[in-house]
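Given the structure is predicted, the values throughout are model-derived calculations rather than measurements. The sequence lines fix the lettering, A, B, ..., with proteins before strands; numbering per chain opens at 1.
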Amino acid sequence: MNDPQPPVLFETSPGSSREDVAPASSFLAELNPLQLEAVTHRGGHCLVLAGAGSGKTRVLTHRIAWLIAERNIDPAKICAVTFTNKSAGEMRNRVRRLLGPGKSEAWLLTFHAMGLRLLREWTEEAFSSATGASGSPLRDAGKAGGKGDAWLPPSGFTIYNHDASLAVWKQCQSALRLSTRDHDPGRMFSLCSRAVSRLEDPSSWDSANQDYDRRVAGRVWKEYRAAMRAAGAVDFDDLLVLPLHLMAQHPPLRAHTAARFQQLLIDEYQDTNRIQYRLIQTLLGNDSELMVVGDEDQCIYRWRGADLNNVLDFQNDFPGASVVRLEQNYRSTQPILSAAGSLVANNRQRLGKSLWTEREGGESPIFVQCATDREEAQWIARRISEMHTAKLSDIAILYRTHAQSRQIEEVFIGKRIPHRVVGGQRFFARREVRDVLAYLQLLVRDDDLALRRAIATPSRGIGPKTIAALGNVTAGSSAAAALRQLADGAEPERSFREAGFSPAIAERLLAFGRLLSSLRGVAAKKPVADLIGTTIERSGYTALLERGENTDDRLGNLGELASAAKEIVSDGAEIATSKTEVQRPATKHGADDVNASGDRPGKFDELRSFLDRLALLADADTDRDGVEGVRLMTLHAAKGLEFNVVFLAGMEEELFPHATSLAGGDVEEERRLCYVGMTRARQRLFLSAARSRRVNGRERWLEPSRFISEIDPRLIVVRDYLNPRAAGSKDYVPNSFSGLGGRTGKRKRSNNPAYRQQPAHDSLRASPNKTAPVKFTGSTRPAIATDLLEGSTVVHPTFGPGKITVTSGSGEKLKLTVRFRKTGTKTVIAKFAKLEVPD
DNA sequence: ATCGTTGCTCTTTTT
DNA sequence: GAGCAACGAT
Ligand SMILES: Nc1ncnc2c1ncn2[C@@H]1O[C@H](COP(=O)(O)OP(=O)(O)OP(=O)(O)O)[C@@H](O)[C@H]1O
């Protein structure tokens with residue numbers, strides 16, 4: 001990483017000199033001078049901007065310890081926001097280790113968990129007693145908005161995860177008679193979600209100047225929001241948006257809440273979105289201090305609304321804020337660091353940074369291209385078998401898409417290599433897991449989505465019509481509530497009949513209602529793990545699985561769910577603050593009564609918090625340290641982690657960078673993702689590609705990723721594995737990739753026209769995907785601000801000459817839309833683009 | 001009214 | 001390979 005020193009964008013505040021602080025706490029000795037400066041920063045906000053492995057997370061951890069030990073800050077007034085629950089847990093442990101035993105009451109959580117916690121705490125009662133207000137100020141604040149942005153969920157509210165939210169969305173869509181063929185629900189939902197995370201309001205998209213997609217999506221979104229509120233449910237976005245709007249519309253609530261956030265620390269700031277930024281702003285009190293840490297090269301969530309401007313504008317947003325840059329990498333060896341640096345240097349949208357390591361020596365990253373995805377997996381397996389030293393859990397295989405894990409897993413199973421696929425949502429998206437969770441959900445609250453799912457598995461002769469009829473039994477009450485009331489009331493048979501159900505249907509409904517009651521009885525006494533077992537027995541779910549296929553796998557997954565329950569519940573007990581137990585008061589609002597359990601405390605709260613925490617589980621959260629086995633996960637899930645040995649599998653065009661990013665998407669983000677992956681490695685880094693790969697059942701023919709050729713060729717070793725006999729025999733430096741083409745003629749599938757159409761490619765460097773710079777003949781000079789006006793001609797180092805058609809923003813944020821003569825219209829950030837103008 | 005089967009489509013990353 | 005709409009059987 002021998003980048004020229006980047007332009008100084010931020011001056012480090014001279015006020016926070018290191019000498020001010022005597023490192024009385026021994027743990028400060030574990031920091032280098034720049035880290036120490038950041039950790040002990042006082043009196044203002046601070047951005048730590050630094051590359052991979054430079055100890056940003058360590059700075060946060062030590063700062064928390066320092067705030068408590070040296071500045072005597074009440075831990076309850078410290079909040080650190082991390083990207084996953086797992087990293088929050090690790091941070092909690094490290095702080096404990098630094099400070100010694102003693103409970104840390106600091107909030108260490110994710111943004112979503114924070115939103116949840118606030119919403120759970122903000123009951124009318126809690127608020128009234130804290131502020132002396134009377135009446136229902138919160139609820140009224142929500143109503144006063146008119147637009148309905150602010151909404152205080154009823155106390156029994158639940159979180160719908162992506163699947164559940166999408167199910168609601170689909171219902172709304174079909175209620176509006178919008179076919180899912182013409183209007184992809186997932187697309188529309190994510191369109192709205194992205195908009196919401198940019199603080200846009202999709203319900204205002206009905207105006208004529210919106211494009212068709214948005215108008216339609218906006219219509220569905222209004223229905224969706226109404227349906228979610230009627231169900232007493234919040235989605236992931238709500239967890240951020242609702243607290244924001246509630247505080248905005250109710251200043252005393254904001255003041256009351258902000259008082260707790262005297263010290264706010266944010267990890268992975270480069271991947272925060274606009275709402276999160278606003279939340280941070282809203283939560284800061286007058287004398288609060290904010291520290292954010294981030295790395296613009298590791299921003300990998302722009303596709304879901306992460307906004308790099310949060311980092312770029314930090315000093316504008318928080319005037320007087322300091323910036324500390326860390327430059328020493330403690331994680332990787334020089335060759336790995338250099339290779340990663342040379343890759344990400346291909347991005348234009350970056351500030352640039354220098355990063356060095358004392359870990360001289362070490363082996364160069366190795367790239368190998370295999371014939372097929374299966375051979376790729378076998379190659380990886382072989383490399384792992386050959387490593388005698390490494391602990392398996394210190395090895396990670398990272399890939400772009402989940403689908404890639406299958407092939408690797410199969411090979412690993414065959415070769416008996418212990419491994420773990422990390423990916424929580426994957427696990428919780430399994431059918432059997434979702435089915436059982438629907439039952440659990442039903443025990444806790446009257447949830448129609450859960451009712452529909454549970455009542456149909458195993459099938460009980462009750463379908464959509466009957467459930468709709470249940471929903472109409474009592475106006476304004478859910479089908480689940482009606483069922484519970486009818487079945488649990490006196491003379492249920494008569495009630496059902498009077499409600500208009502035929503005897504046969506009534507009998508089935510009653511049987512199901514009684515099943516739920518009996519399970520509620522169990523839920524009130526037994527731990528969640530036991531409850532799961534009882535549920536699948538009594539509901540006939542076990543029997544259903546035994547009749548079907550993959551019985552053992554599926555039962556095994558439910559066993560895992562039960563053991564996850566044990567772990568999560570015991571974790572939760574440790575983390576819980578007294579306020580987590582929100583006792584629900586009798587509510588006057590009928591629609592708010594979504595609680596199916598009555599007021600029985602204890603085990604029910606445990607079950608509720610278990611369900612809450614499941615909904616918020618990140619992929620990375622499902623990994624349990626200490627369990628042996630190679631880790632398999634997506635690159636996204638690997639963010640923030642480190643391993644001795646890292647394999648990046650599937651380094652192929654259209655897979656990585658993914659095809660969607662090539663078609664007008666964000667290739668730079670893919671490159672950052674690759675950078676993130678490479679920099680997870682401490683000692684060894686292997687990159688691999690397959691020449692042909694099964695993608696959705698079809699065999700596809702793929703070129704090696706451009707990222708391989710973008711890495712400085714002196715920093716990566718290319719091995720030929722197309723012929724296994726030659727594997728490892730010859731290392732050579734890739735000035736040309738010739739020789740990688742062998743062996744394909746033998747393949748059976750070579751009659752497939754798709755194969756024959758592929759031109760023989762013998763030089764990766766000549767890949768058409770690699771953009772050759774467009775030359776501008778004529779003399780130019782670097783552009784200055786006054787050159788960059790609409791209509792002026794500029795010259796871009798890669799795209800060549802073009803005319804500015806639109807400008808937006810100003811200063812560091814100045815963005816230009818330029819119609820390039822050769823390469824079409826593109827939007828560039830003036831600061832990054834190294835533009836020139838004709839002299 | 002409900003349930004299971006068939007045939008079709010589209011394929012990223014996630015809190 | 002999963003999810004879904006549409007169909008036909010119960
Ligand atoms: N001053 C130090 N001395 C020794 N080791 C350090 C020091 N600072 C950080 N480390 C180690 O370097 C590694 C990377 O640190 P950390 O995870 O905090 O970096 P990071 O900047 O958050 O990384 P990334 O952005 O890549 O996730 C860790 O193993 C950490 O223990």
Using whole Å, report how far [atom1] of [X] lies from [atom2] of [N].
X	N	atom1	atom2	value
Leu662(A)	dT13(B)	CG	P	16 Å
Arg508(A)	dT2(B)	CZ	P	8 Å
Asp184(A)	dT12(B)	CG	C1'	14 Å
Arg672(A)	dT13(B)	CZ	C1'	13 Å
Leu655(A)	dT13(B)	CG	P	10 Å
Leu702(A)	dT12(B)	CG	C1'	15 Å
Gln404(A)	dT13(B)	CD	C1'	11 Å
Arg198(A)	dT15(B)	CZ	P	20 Å

(message) Using the rule side chain to side chain donor-acceptor pair (under 3.5 Å), only one of Arg671(A), Glu669(A), Arg302(A), Glu296(A) pairs with Gln349(A); which is it?
(response) Arg302(A)

(message) Using the rule side chain to side chain donor-acceptor pair (under 3.5 Å), only one of Asn273(A), Thr272(A), Asp271(A) pairs with Asn310(A); which is it?
(response)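 Among Asn273(A), Thr272(A), Asp271(A), the one meeting side chain to side chain donor-acceptor pair (under 3.5 Å) with Asn310(A) is Thr272(A).
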
Polar contact flag, side-chain donor to acceptor under 3.5 angstrom, [X]-[Y]:
X	Y	result
Ser87(A)	Glu90(A)	no
Glu268(A)	Gln270(A)	yes
Thr660(A)	His658(A)	yes

Closest to the [X] side chain: [options]?
X	options	result
Arg187(A)	dT11(B), dC3(B), dT14(B)	dT11(B)
Arg304(A)	dT15(B), dT2(B), dT13(B)	dT15(B)
Thr660(A)	dT13(B), dT12(B), dG4(B)	dT12(B)
Arg406(A)	dG4(B), dT15(B), dA2(C)	dA2(C)
Trp303(A)	dT13(B), dA2(C), dA1(B)	dT13(B)
Thr466(A)	dA1(B), dT15(B), dT13(B)	dA1(B)
His162(A)	dT15(B), dT13(B), dT2(B)	dT15(B)

What's [X] touching, base or sugar-phosphate or nothing? Going by heavy atoms closer than 4.0 Å.
X	value
Ile462(A)	sugar-phosphate
Tyr301(A)	sugar-phosphate
Lys170(A)	sugar-phosphate
Ser661(A)	nothing
Arg460(A)	sugar-phosphate

(message) dT14(B), OP1 or OP2 - any side-chain N/O from His402(A) closer than 4.0 Å?
(response)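 Answer is yes, contact under 4.0 Å.
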
(request) Could you check if a side-chain atom of His112(A) sits within less than 4.5 angstrom of a side-chain atom of Leu240(A), using non-hydrogen atoms only? (result) yes

(message) When you compare the side chain of Met678(A) with that of Val344(A), does any pair of heavy atoms fall below 4.5 Å?
(response)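 No, their side chains stay 4.5 Å or more apart.
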
(message) Are dT12(B) and His658(A) stacked, with the base six-membered ring and the side-chain ring centres under 5.5 Å apart and planes under 30°?
(response) yes

(message) In terms of relative ring orientation, are Tyr541(A) and Tyr439(A) parallel, tilted or perpendicular, with 30° and 60° separating the classes?
(response)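 The rings of Tyr541(A) and Tyr439(A) stand perpendicular, inter-plane angle above 60°.
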
(request) With DNA chain B as reference, determine whether Ala456(A) or Asn85(A) sits nearer its 5' end, using the nearest nucleotide of each. (result)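 It is Ala456(A) whose nearest nucleotide is closer to the 5' end.
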
(message) Let me spell it out: for each of Ile505(A) and Ile300(A), pick the nucleotide of DNA chain B with the closest heavy atom. Which residue's pick is nearer the 5' end?
(response)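 Result: Ile505(A).
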
Tabulate protein N/O versus nucleotide N/O from nucleotides 6-10 of chain C, keeping only pairs under 3.5 Å, one per line.
none

(request) Using a strict cut-off of less than 4.0 Å between a Lys/Arg side-chain nitrogen and an Asp/Glu carboxylate oxygen, indicate whether Arg400(A) and Glu670(A) qualify as a salt bridge. (result)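 Looking at Arg400(A) and Glu670(A), the cut-off is met.
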
